[in-house]
Amino acid sequence: MPDSGINVLFLGKNFLRLLEGLWVTMRISLIAVILSIPLGILFGMFMTLKNPITRTLSRVYLEFIRIMPQLVLLFIAYFGVTRAFGWNLSAELSAVLVFTLWGTAEMGDLVRGALISIPKHQYDSAAALGMTKAQTFVFIIVPQTMRRLIPLTINLTTRMIKTTSLVVLIGITEVLKVGKQIIDANRFDYPTAALWVYGVIFALYFLACWPISSLAKKLEQRWR
Amino acid sequence: MRLRFDFWNQLNTEFMVKYLPWYVDAAKLTVAIAFWGILLALLVGVICSILRYYRVPVLHRIVAVYIELSRNTPLLVQLFFLYFGLPKLGIVLSAESCAIIGLTFLGGSYMAESIRSGLESIEKSQLESAASLGMGQLLMMKEVIFPQALAVSVPGVCANMIFLIKETSVVSGIALADLMYVTKDLIGLYYETDEALLMLVIAYLIILLPVSILASVLERRLRYAGFGN
C-alpha cells in the first residue's frame, strides 16, 4: 500500500511551487485590474456621450467582448494577433492584453451604470449653486458613484482571478500546470496525488477569492 | 511589422468548407453540454433558493457553503478535480458527465442567487395578505410569490444562461472536442489560423446572439410585469 497522496504536497518544494503557480495567474489578473480601472472609467465616461457614432462604437466593442467567451478572446490574441501583425506576443502578454480589454469593457459598463443612476436634479442643483462642470463632477458625481462602484470593482477582481485560470489552455505554466507536473513526477510513488493536488488547488482558489467577494458583499450591504 | 489589410481576400475558403462539419459537430457538443448544464443548474438553483428562502434548518447552511464554494472557484479547476482527481477515489466519470456536473455545480449557485433575489423582493405585506385570505404555503408560493418573483429573477437567470454557455468553452481542458478544441486542433495541424479563428467566432456568435437577443426582449417585456413599481 503506497503512501497517501496528501504527502506529495509536503515533498520538497511542491507546496511552494503550487503557490508560485497561483501567483502567475494572480499577477496577470492584478495587472489587468490595475490597467482596467482607469481605462474602464474613461470608457464608461465615453459611453455616456450623446454622440451616436461614439455610442455605436462603444456598444459594439462592449457587446463583442461580452458575448465572446474569454477563452475565444485569448485564442484570438495568442494565435491570431501574432499572425496578423507579425508580433511575437508571449502567452503572458496576450493574456494581460485580453484581460485588460475585457476588464475595460466590464468596468466601463459598471461606470456607465453608476453615472446614469445619478438623478438629473443633482446636476441641476450643483449648477444652481454656481458650480462649474468640473466642480460638479469632482464634488457631486464622483463621491456618489464611488459608493456604487467600489463593491462592484472588487467583485470584478474576483471574476478576473477566476477567469485567468484559463491561461493554462494557451500554455502558460500556472498552478494547474504545476499541479500536473507534480502529479506526473510522482505517478508511481503517489498514485492518488491527483485528488489531493487538484483538491488543494480548488481550496487555494477559494481562499484567494472568498475573502475578496465577502468584502464586496459587506460593502454593498453597508453602502446601500 | 506587416499589417494584413487583405484579411478577407486571403481566406482559404476551400479549407473552411472542408472543415465545416468539424465545427458543426463541435457546436452540437457545446450546445448539448450547455443545454443539460443549464437545465440541471436551474433545477439545483430552484431547490437551493427555496431551501434558503424558507431557512430550512441545517440544509440552508449547507446550501450557503455550497454557494460560496462554487462561486469562488473557477470552472476549470472544478473540472480538473472532477475529471482527474475523483477517479483516485474510485469515482470514474466520462468527460461529458464531468462537464455537465461541473457546469451544474457552477451554475446552480448562480441560478440560486438570482432566483432567491426574486423571491426576497416580494414584500411582506403580500405574504400577510395572502395568509389572511387563508392561503396555505403551497398555494401562496404558486399564486402570489412565484409569479411576481419571476419578473425579478428572469433577467438574472438569462444572464446566467449566457454566462454558462460561454463557460462551456473550458471543457476543451478535459479533452472534450468542443469548438475550442477543434480550433486548436486545426491551428496545430494546418496552421490556417485566420480561418479557424474566424469560424470559431462565427460559431459562438450563432449560438450566443439569439440567446442574448431573446434575453433582452424577455427582459424588456417583463419590466412591465413588475407589480407596484
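Reminder, nothing fancy here: chain letters follow the sequence lines and each chain counts from 1.
Looking at A:V175, there are no atoms closer than 4.5 Å to chain B (heavy atoms on both sides), in backbone or side chain. For a residue to count as touching a neighbouring chain, one of its non-hydrogen atoms must lie under 4.5 Å from one of that chain's; by this rule B:F163 does not touch chain A. Contact annotation for B:V201: both backbone and side-chain heavy atoms come within less than 4.5 Å of a heavy atom of chain A. Interface remark: B:L179 contributes no atoms to any contact with chain A (heavy atom separation under 4.5 Å). Contact of A:R66 with chain B is made through the backbone alone, with heavy-atom distances under 4.5 Å.
The shortest distance between side-chain heavy atoms of A:F206 and B:L69 falls below 4.5 Å. Looking only at side-chain heavy atoms (C-beta outward), A:L71 and B:S172 come within less than 4.5 Å of each other. Side-chain contact between B:L76 and A:Y205 is absent, with no heavy-atom pair separated by less than 4.5 Å. The shortest distance between side-chain heavy atoms of A:P69 and B:L208 falls below 4.5 Å. For the pair B:L205 and A:M68, the minimum side-chain heavy-atom distance is below 4.5 Å.
When atom types are taken as modelled, the side chain of A:K162 and the backbone of B:R71 share a donor-acceptor pair closer than 3.5 angstrom.
In B:E120, the CD atom is crowded: over 12 heavy atoms of neighbouring residues, nucleotides or ligands sit closer than 6.0 Å. Heavy-atom neighbours of B:Y110 OH from other residues, nucleotides or ligands within 6.0 Å: above the threshold of 12. Heavy atoms of other residues, nucleotides or ligands lying less than 6.0 angstrom from CH2 of B:W36 number 12 at most. The number of heavy atoms from other shown groups lying within 6.0 Å of CZ (B:F15) is above 12. Counting non-hydrogen atoms of other residues, nucleotides and ligands closer than 6.0 Å to OH of B:Y54 gives a total above 12. By the neighbour-count criterion of 12 heavy atoms within 6.0 Å, atom CD1 of B:I91 is densely surrounded, having more than that number from other residues, nucleotides or ligands. More than 12 heavy atoms of other shown residues, nucleotides or ligands fall within 6.0 angstrom of atom NZ in B:K184. The 12-atom threshold is not exceeded at CZ of B:R61, counting heavy atoms of other residues, nucleotides or ligands nearer than 6.0 Å.
Within the model, atoms CG of B:L75 and OG1 of A:T163 stand 11.0 Å from one another, a figure rounded to the nearest 0.5 Å. Once rounded to the nearest 0.5 Å, the distance linking CE of B:M180 with CG of A:L166 reads 9.0 Å. For the atom pair OG1 of B:T73 and CG of A:L207, the computed distance is 11.0 Å after rounding to the nearest 0.5 Å. Interatomic distance, A:F79 CZ to B:T183 OG1, rounded to the nearest 0.5 Å: 9.5 Å.
Within residues 193-202 of chain A, the residues having any heavy atom less than 4.5 Å from a heavy atom of chain B are, in residue-number order, A:A194, A:L195, A:Y198, A:G199, A:I201, A:F202.
When all heavy atoms of A:I67 and B:S212 are compared, the closest pair comes out as CD1-CB, 4.0 Å.
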